[in-house]
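Chain A is the first sequence line, chain B the second, and so forth, proteins listed ahead of strands; every chain is numbered from 1. Below, each value reflects all heavy atoms present in this structure, side chains not excepted, and no hydrogens, waters or symmetry copies.
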Amino acid sequence: VTVEPGGGHEPEIFKREIQTAVRFERGLVIKAIAVLVAVAVVVILRALYFVLPVFRASDDSQEGTCR
Amino acid sequence: MTHGLIVGGEWILIAIVLAGALPEVAAAWQFLLASGHFWRNHYGACEPVFPRTVVLIPAWNEGAVIGESIDRLMRAEYPKESLRVIVVDDASTDDTPLVVKAKETQYPGQVMYLRREKGGQGKAHTLNHGLAVALSDAWMESLLITDADVIFEPAALRTLTRHLADPEVGAVTAYIKEGSRPGNYLTRFIGYEYLTAQSAARRGQNVLGAVACLAGGAQLHSRANLVGLGGRIDTSSLAEDTITTFETQLHGYRVVFEPHAICWAEEPDTINGLWKQRLRWARGNVTLTARYRRVWFRPSRMHGLGGLTFGIVWFCLFLQPVFMISASAALLTLYFAGSPSAWPAFRVLWIINAVTFLFITGFALLIDTGTARRSWRQAVMFPGAVNLAIILYTCFPRLLTDATHWFFDHSGLPPPPVSSVIVFVYGWLGGSLAVAYLAKAAEPKWAGRLVSPLIVYIVGYGSVLCACTFASYVKELRRAEMRWDKTEKIGKMRIRG
């Protein structure tokens, strides 16, 4: 392919854009971890909800069976 | 219930119920992979290259949109002497020829108009007409296939071409966003869907080293790749984009998704328009899945298409309607057989769905905040109101039970029998596909414009897509005629820049 600078798009601009793109991709890891932590918090809260005696009765029920 | 069923059959049924969560788990796995794009991407092999590029635009009655698209391409941040546009008119009956010929005059030597007098054979035939002309001239080093309505952001083309500096790369695809303005509820659903299916899932495919599909409206090929493909696009299916993607990789070239090359496209704003488009795509996927039966789950050094993870993700999503229907059928069988496992299996299934839904939605909205601002409501409502209620009920049974009791106590309405509610929620996963079909069926009726959006919000946009996939199975089994039902574009995009 033709390797030539063109239209004012010099290698410095290219380098900066690649760095920006890689930085954005690194940021995605942080975002993914943040969301995973948030989901884990919801799951833990739900588990605690189970533990509370006031709710236990309904969760131990056999709802959804034909018996 | 027989003793044999209790011992063995019950476990099989429970497994089938839990398999209903596989498509969601597969989708979440792709999202997790997407977060690994920072260490496994193609940026290290990029160079600031500007190959002599031909942009190939197939056009049929695109007078409303094609002039703007050509103007935008001519304003691209790309050397003018290295850019040409070929428009292949597929026997348009509107003012497309006049518009393109005016552009030919406006951009002498850069825009070329070709016309097929016998049109209507499909996009692949139209592309092949232009491809033959482009390949006959040694000037061309790379070829960008796009659609007449697609608007490229100024930096998009040069962001794509930099990947071709690596001779191992045969094709590069961009992130196509939904650009209708002001748009409606459906275009916002599509905007969010494209965020998940492209910006997230294709990043994950980059990490896997196997890309499932080059976007039909933004695929850049090296000349060597096109020559390797025989100089023509496959015309035997409705999924020429996906076939091209697979063939490129099977020939040993790499396919790259470039999430920072952005373009905009006009997508359907009616359920029937969406159905027509997606049925075409889904039928193409059925053909493709059968055609490459010797590729799946057979790892190769040449390509990643035979990888275990890629195969699992492909089949989980391709067979999503089957998983949904069989999960419901298994739950109902357990219920009517009086099995105590029905309820726990149902809850585990939906708790998995809830966790994956939370992760996918949260992460997707953070990946592309622009689309998130516009489509966050559609992201939340993607599974539909009924599925969200089931998720709430399975995760927090007491909340919904109390609310339901309160409602019936205060409304004076008689509560429905518990058994009918249970049958409804157990059967909903599969039954939602039939209800989703109603959104399509109701739309042309006098009140359909009001009822259809309501149905979509109730059953979920995801169920509409699954119903469409299911319809594609039926069409393929019946060997229905493969018609190229083109999506009509009327120029709804208002993109600045």
So for [X], is it side chain, backbone, both, or neither that comes closer than 4.5 Å to the heavy atoms of chain A?
X: R223(B); result: neither
X: F359(B); result: both
X: P259(B); result: side chain

Just wondering, more than 12 heavy atoms not from [X] lying within 6.0 Å of its [atom1]?
X: K15(A); atom1: NZ; value: no
X: E168(B); atom1: CD; value: no
X: W139(B); atom1: CH2; value: yes

Value rounded to 0.5 Å, distance of [atom1] in [X] from [atom2] in [Y]:
X: N41(B); Y: I18(A); atom1: CG; atom2: CD1; result: 8.5 Å
X: F31(B); Y: L28(A); atom1: CZ; atom2: CG; result: 11.0 Å
X: R158(B); Y: I13(A); atom1: CZ; atom2: CD1; result: 7.0 Å
X: K31(A); Y: L365(B); atom1: NZ; atom2: CG; result: 11.0 Å

- With side chains defined as the heavy atoms from C-beta onward, is the minimum distance between L36(A) and L32(B) less than 4.5 Å? yes
- With a 4.5 Å heavy-atom cut-off, do H260(B) and E17(A) have their side chains touching? no
- Where on V29(A) is there a heavy atom nearer than 4.5 Å to chain B: the side chain, the backbone, both, or neither? both
